[in-house]
Each structure stands twice: as structure tokens, then as C-alpha cells.
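Below is one structure; the comments refer to it alone.
Any value given below was found using the heavy atoms of this structure, including those in side chains, with hydrogens, waters and symmetry copies removed.
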Amino acid sequence: MTTIARATDTLTRDALAVLQPGFTGTTAPDWLLRRLGEGLASVALFGRNVRTPEQVAALTARLRAEREDVLVAIDEEGGDVTRLEVRTGSSFPGNLALGAVDDVGLTRAVAAELGRRLAECGVNFNWAPSADVNSNPDNPVIGVRSFGSGTDLVARHTAAYVTGLQSSGVAACTKHFPGHGDTAVDSHHAVPRIDVDAAVLAERDLVPFRAAIAAGSRAVMSAHILVPALDPDRPATLSRRVLTDLLRGELGYDGLIVTDGIEMKAIAGTYGIERGTVLAIAAGADAICVGGGLSDEGTVRRLSDALVEAVRAGELSEERLADAADRVRALARWTATNRPDAEARDTADGDVGLRAARRALRVTAAGEYTPVTEAPYVAALAPVANIAVGDETPWGIAAELTRLLPGTETGSFTGPDAGNEVLAAAGKRRIVAVVRDEHRHPWMGAALDTVLAARPDTIVVEMGVPRAEPRGSLHLATHGAARVCGRAAAEAVAGV
């Protein structure tokens with residue numbers, strides 16, 4: 001039954017409509033249901049809200065009992081960044097694996113199946129795909145989330161992903177505009193700066209976004225990055241030059257513009273979330289993502305009050321806020337009228353993710369390789385996970401190897417003496433060393449040097465961006481750390 005709004009004027013309803021807040025728990029709290037009746041139009045789900053598909057479906061059904069056309073958003077990229085399978089690892093490889101295969105039909109099929117599963121759970125808005133061209137090999141936050149470092153490759157797979165996802169009735173949100181690929185700083189922690197001229201941006205970073213717009217992406221997410229060639233003063237999320245002049249004007253985009261998480265340090269640490277929210281809407285954003293960290297009613301109240309006060313103080317035009325709210329409601333209407341039909345729902349392809357992971361596996365053998373038949377020791381050389389990926393999701397190949405070779409043992413290692421610790425822990429067992437972005441972590445490369453010097457028969461599995469030279473008796477590059485990527489690697493190790 002729809003809640004009747006009380007004492008909420010149009011301005012307040014518009015202020016609530018542009019927020020995409022999160023919450024804690026696996027059921028909807030009373031405050032969230034009440035706010036839906038008062039004008040809130042979107043709700044964001046994170047890993048903490050997910051237990052099972054059935055639980056998520058019940059949760060979203062409860063939200064729709066309060067507001068039938070609510071947008072339910074999630075950050076489900078597949079690959080390393082998964083919320084729907086946060087505790088098991090994803091059934092789908094991420095973008096880098098799909099780019100490595102370079103079959104746009106496969107990318108479209110993966111996105112369609114992922115979208116079908118989201119739609120089954122009642123999720124209709126996905127903050128994906130990442131259209132960033134990973135041009136900086138030291139990028140700490142994009143990496144395997146990108147289809148690759150080639151502009152044209154990223155563009156064609158971005159378009160295919162958008163098409164596939166939206167065929168399932170789930171709105172795509174292409175990110176992170178105008179491109180987060182050439183950064184060495186994570187915007188969760190500080191403001192990254194991209195110092196290239198406008199011509200480079202146009203020829204490299206903007207091309208995938210043009211492709212996404214041409215493919216009909218219903219939403220675009222802004223990046224908290226400073227690009228002086230576009231705006232020397234404000235990060236893209238808060239820049240009218242970037243969001244209105246460039247994205248709306250030059251690129252001709254007419255869909256929803258949503259911010260990256262407003263509580264990320266790049267905004268919260270420099271402007272504060274209230275001021276950042278007002279500036280983002282004034283610059284041309286239509287929706288404010290919040291809730292990855294701040295997930296309480298007080299945050300929603302603070303941000304909606306800040307917008308209302310900014311209008312009353314003349315700092316934000318009432319027309320701009322109303323336009324933003326209207327765009328949110330328009331997307332909600334699109335999702336309500338573009339649900340997949342029964343035939344589309346019945347065309348499940350549950351194995352497409354595993355097939356894609358197997359095709360993405362790159363195998364380099366030092367000589368003739370004999371499959372491992374006795375339980376090995378799996379040594380994970382584990383870097384600190386970036387915030388976008390999180391540390392809740394398991395990765396590696398130990399679980400999959402244990403299934404194939406019962407008795408497999410495993411350990412996690414980090415730091416300057418990791419190599420010697422691996423040798424001591426493994427004993428006489430065959431070593432499978434699992435790394436993630438070896439090229440970015442000198443300690444990891446040094447650990448591999450130590451292990452390989454003592455045990456040249458060691459198998460190396462790279463589950464990040466494979467830029468370091470292949471080494472070991474067998475080197476497997478999975479192009480991502482999704483569960484299915486681990487399975488594909490384990491099959492190669494065991495020769496099955």
C-alpha cells in the first residue's frame with residue numbers, strides 16, 4: 001500500500017527524489033519506507049544488504065509496496081566488483097576478461113544474463129559498465145574493471161555491455177565520466193588529477209562514452225577527478241563545464257547523470273557532503289549516490305535539507321532541482337515500462353560467465369606442462385583491496401583447486417619476507433603462487449623471485465592486470481579475480 005505523504009511540499013519532494021541512499025541490514029528500515037512515501041525515488045543496495053537472491057527479491061518487493069516505480073540501484077559490475085555475489089565471488093568475469101576475449105557478442109550475452117539475474121531480484125538500475133580506458137598501468141582503482149587500454153576496444157565493449165544489460169530491463173549507468181583510467185590516485189581517498197590536453201581526452205577517454213550514449217545508456221556516472229583541460233577549479237562531479245557544457249552540450253546526452261559516491265574523500269574531504277551535493281546538482285547532476293559509507297536517515301535529512309536551503313538562499317535554482325528530479329522519475333518510468341517479457345526471462349544462460357572466463361584465460365608454459373595430480377599448496381600474495389572491490393569477496397583459486405584436488409592447502413602472504421614464508425609453509429608440496437597486479441607491487445615481485453629461485457616448478461596465476469612478464473613452469477593470466485576466473489585457472493592447473 002502506498003504511503004501518503006504528509007507535510008512535504010514540492011521542493012522537499014524534489015530534494016528527496018534526487019538522492020540515491022543506502023541503508024544497513026537485509027530488510028528495509030522504517031525510515032526508508034517512510035521517506036519513499038515522502039518523495040524518495042531511489043534506493044541503493046550494497047553488499048551488506050545482500051544474503052540470497054530470494055532475500056533481495058523480498059526486500060525489493062517491500063520497497064515497491066511503498067513506491068511502485070522506485071529505482072533500486074546496485075554496483076554490480078561482475079568480476080572483482082560484485083554485490084549480488086559478495087560472499088562467494090562473481091559468476092561473471094569482469095571487463096578486462098571480456099576485453100581480452102574481444103567478442104562483443106559474448107560481452108553482450110554476459111551483460112544480458114547478469115541483467116536478467118538482477119531483474120529477477122527486483123533490481124532495475126546498475127551502476128555499470130566502467131567505460132574507463134585504463135591508460136595508466138599504475139591505476140589503483142580501475143585496473144581489471146576496464147575492458148583494456150585500447151580506446152576502440154573499450155568503446156565497442158562498453159556499447160555491447162549497455163545493450164545487453166538494458167535488454168533485460170535494467171538501466172545501465174556508464175561510468176566514470178569523463179574517464180578515470182589515467183589516474184594514479186583512488187578518488188575514494190583523494191582528488192585524482194589528469195593532466196592531459198583536451199585533444200587527448202576527446203580522442204581517448206571520451207570515445208567510449210560517445211559509444212555508450214549512441215547505444216542508449218540510460219544513465220552516466222560522474223567521476224570525482226580534476227581535469228584542468230576541462231575545468232581547472234572543480235572536479236568533474238561539481239563542474240558545470242564537464243556535466244552541462246561537455247556531457248549535455250557537446251556529447252548531446254539527455255539521460256540521467258548520477259554522481260559517484262558523494263561521501264568519497266575526493267568530495268567529502270574537500271567540500272563536505274552537503275556542499276558537494278548542492279554543487280553537483282547545480283553543475284548538472286540529477287542524482288546523488290550516497291550510502292556506501294553513510295547509510296542512515298540523518299544523512300538523507302542533511303542532504304535534502306541542504307538542497308532545500310540552497311534553493312531558498314538562491315544558490316541553486318528551483319528549476320534545476322525540479323529538472324533533476326524529473327529526470328530521476330523519467331528513468332523510473334522507463335524501468336517500469338521496459339521489463340523483460342516472459343520469453344526474455346526464460347532465456348537464461350547460466351554458464352555464459354564460466355565460458356567467458358575460460359576463453360579469457362591466457363596460458364604460458366615454460367616447457368611441456370604436466371598437470372598437477374596431487375594436492376598443492378596455494379600461496380596467495382595478497383595486496384590490500386581497493387574500496388570499490390572491498391575485502392568481503394573471496395578471490396583466488398584455492399577453493400576451486402580443493403574441489404578438483406582434495407587436500408589442497410592454502411595461505412595468504414604479504415610484505416618483504418613473503419617469499420621465504422611461502423617456502424616454509426609449502427614444505428614439499430607443489431606451489432601455486434597467486435598474485436594480483438604484480439607490476440604494481442615490488443614486494444610481490446620480490447616474493448616470486450625468492451619462490452621461483454628455490455622452486456622453479458612453481459605455477460604462477462596472475463589475477464590482476466597481466467603486465468609483468470610471464471614466469472614459472474606455468475603462467476596463467478585470468479584477467480580478473482571473479483570466482484569463475486579462479487575456476488578456469490584451477491582447471492588448467494589440474495588439466496581437466
Count the heavy atoms of every other residue, nucleotide or ligand shown that sit under 6.0 Å from [atom1] of [X], and state whether that count exceeds 12.
X: Arg87; atom1: CZ; value: yes
X: Glu274; atom1: CD; value: yes
X: Arg248; atom1: CZ; value: yes
X: Asp30; atom1: CG; value: no

Over all heavy atoms of both residues, which pair between [X] and [Y] is shortest? Give the atoms and the distance, please.
X: Ala229; Y: Ala198; answer: CB-N, 3.7 Å
X: Val162; Y: Gly216; answer: CG1-C, 4.3 Å
X: Glu77; Y: Ser130; answer: OE2-OG, 3.8 Å
X: Leu33; Y: Leu63; answer: CD2-CD2, 4.2 Å
X: Val220; Y: Phe177; answer: CG1-CB, 3.7 Å
X: Pro21; Y: Ser42; answer: CD-O, 3.3 Å

Is there a side-chain contact between [X] and [Y] in this structure, where contact means two heavy atoms from C-beta onward sitting under 4.5 Å apart?
X: Leu316; Y: Leu307; answer: yes
X: Met463; Y: Val435; answer: no
X: Cys173; Y: Asn126; answer: no
X: Thr12; Y: Asp305; answer: no
X: Thr478; Y: Pro93; answer: no
X: Thr107; Y: Phe147; answer: yes
X: Leu256; Y: Val328; answer: yes
X: Ser239; Y: Leu230; answer: no

Kindly determine whether Arg193 and Asp231 satisfy salt bridge (charged side-chain N to carboxylate O under 4.0 Å, His left out), including the steps that lead there. CA-CA 11 Å; Arg193 179 184 175 108; Asp231 188 331; over 6 Å; no
Rounded distance [0.5 Å steps], [atom1] in [X] versus [atom2] in [Y]:
X: Asp245; Y: Glu250; atom1: CG; atom2: CD; result: 9.5 Å
X: Gln20; Y: Leu40; atom1: CD; atom2: CG; result: 9.5 Å
X: Leu201; Y: Ile194; atom1: CG; atom2: CD1; result: 7.0 Å
X: Leu45; Y: Phe125; atom1: CG; atom2: CZ; result: 12.5 Å
X: Ile142; Y: Lys175; atom1: CD1; atom2: NZ; result: 8.0 Å
X: Leu243; Y: Leu238; atom1: CG; atom2: CG; result: 8.5 Å

In sequence, state the C-alpha distance, the side-chain angles, and the governing distance for Arg312 and Glu318, and then conclude on salt bridge (charged side-chain N to carboxylate O under 4.0 Å, His left out). CA-CA 8 Å; Arg312 291 175 176 164; Glu318 188 170 357; over 6 Å; no
Strictly distance-based, threshold 3.5 Å: is any side-chain N or O of [X] a donor or acceptor partner for the main-chain N or O of [Y]?
X: Thr183; Y: Pro192; value: no
X: Asn139; Y: His180; value: yes
X: Glu462; Y: Glu438; value: yes
X: His479; Y: Ala360; value: yes
X: Tyr253; Y: Ala219; value: yes
X: Glu263; Y: Gly292; value: yes
X: Asp286; Y: Ile257; value: yes
X: Thr259; Y: Thr237; value: no
X: Asp437; Y: Arg440; value: no
X: Thr158; Y: Pro208; value: no

Decide, yes or no, whether a salt bridge links [X] with [Y] under the criterion of side-chain N to carboxylate O below 4.0 Å.
X: Asp349; Y: Arg108; answer: no
X: Asp205; Y: Arg210; answer: no
X: Arg117; Y: Glu120; answer: no
X: Asp254; Y: Arg327; answer: yes
X: Glu297; Y: Arg34; answer: yes
X: Asp326; Y: Arg329; answer: yes

Between [X] and [Y], a side-chain donor and acceptor under 3.5 Å:
X: Ser146; Y: Asn134; result: no
X: Thr174; Y: Ser217; result: yes
X: His176; Y: Asp132; result: yes

Per-pair distances, 0.1 Å, donor-acceptor, side chain in residues 480-489, under 3.5 Å, sequence neighbours excluded:
unit_1	atom_1	unit_2	atom_2	d
Arg483	NE	Gly89	O	3.3
Arg483	NH2	Glu85	OE2	3.3
Arg483	NH2	Ser91	OG	2.6
Arg487	NE	Glu491	OE2	3.3

Give the ring-plane orientation class for Trp127 versus Phe46, where under 30° counts as parallel, over 60° as perpendicular and anything between as tilted.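 Answer is tilted, since the angle falls between 30° and 60°.
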Side chain to side chain contact (heavy atoms under 4.5 Å, CB included) for Ile267 and Ile273? Distances and angles first, verdict last. CA-CA 7 Å; Ile267 301 298; Ile273 62 170; 5.9 Å; no
For Leu114, the option from Leu84, Thr82, Leu165, Val170 that meets side chain to side chain contact (heavy atoms under 4.5 Å, CB included):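 Among the candidates, only Leu165 passes.
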Given the rule in the salt bridge (charged side-chain N to carboxylate O under 4.0 Å, His left out) test, do Arg320 and Asp14 qualify, once you have shown the distances and angles that lead to the verdict? CA-CA 10 Å; Arg320 171 76 274 271; Asp14 286 349; over 6 Å; no
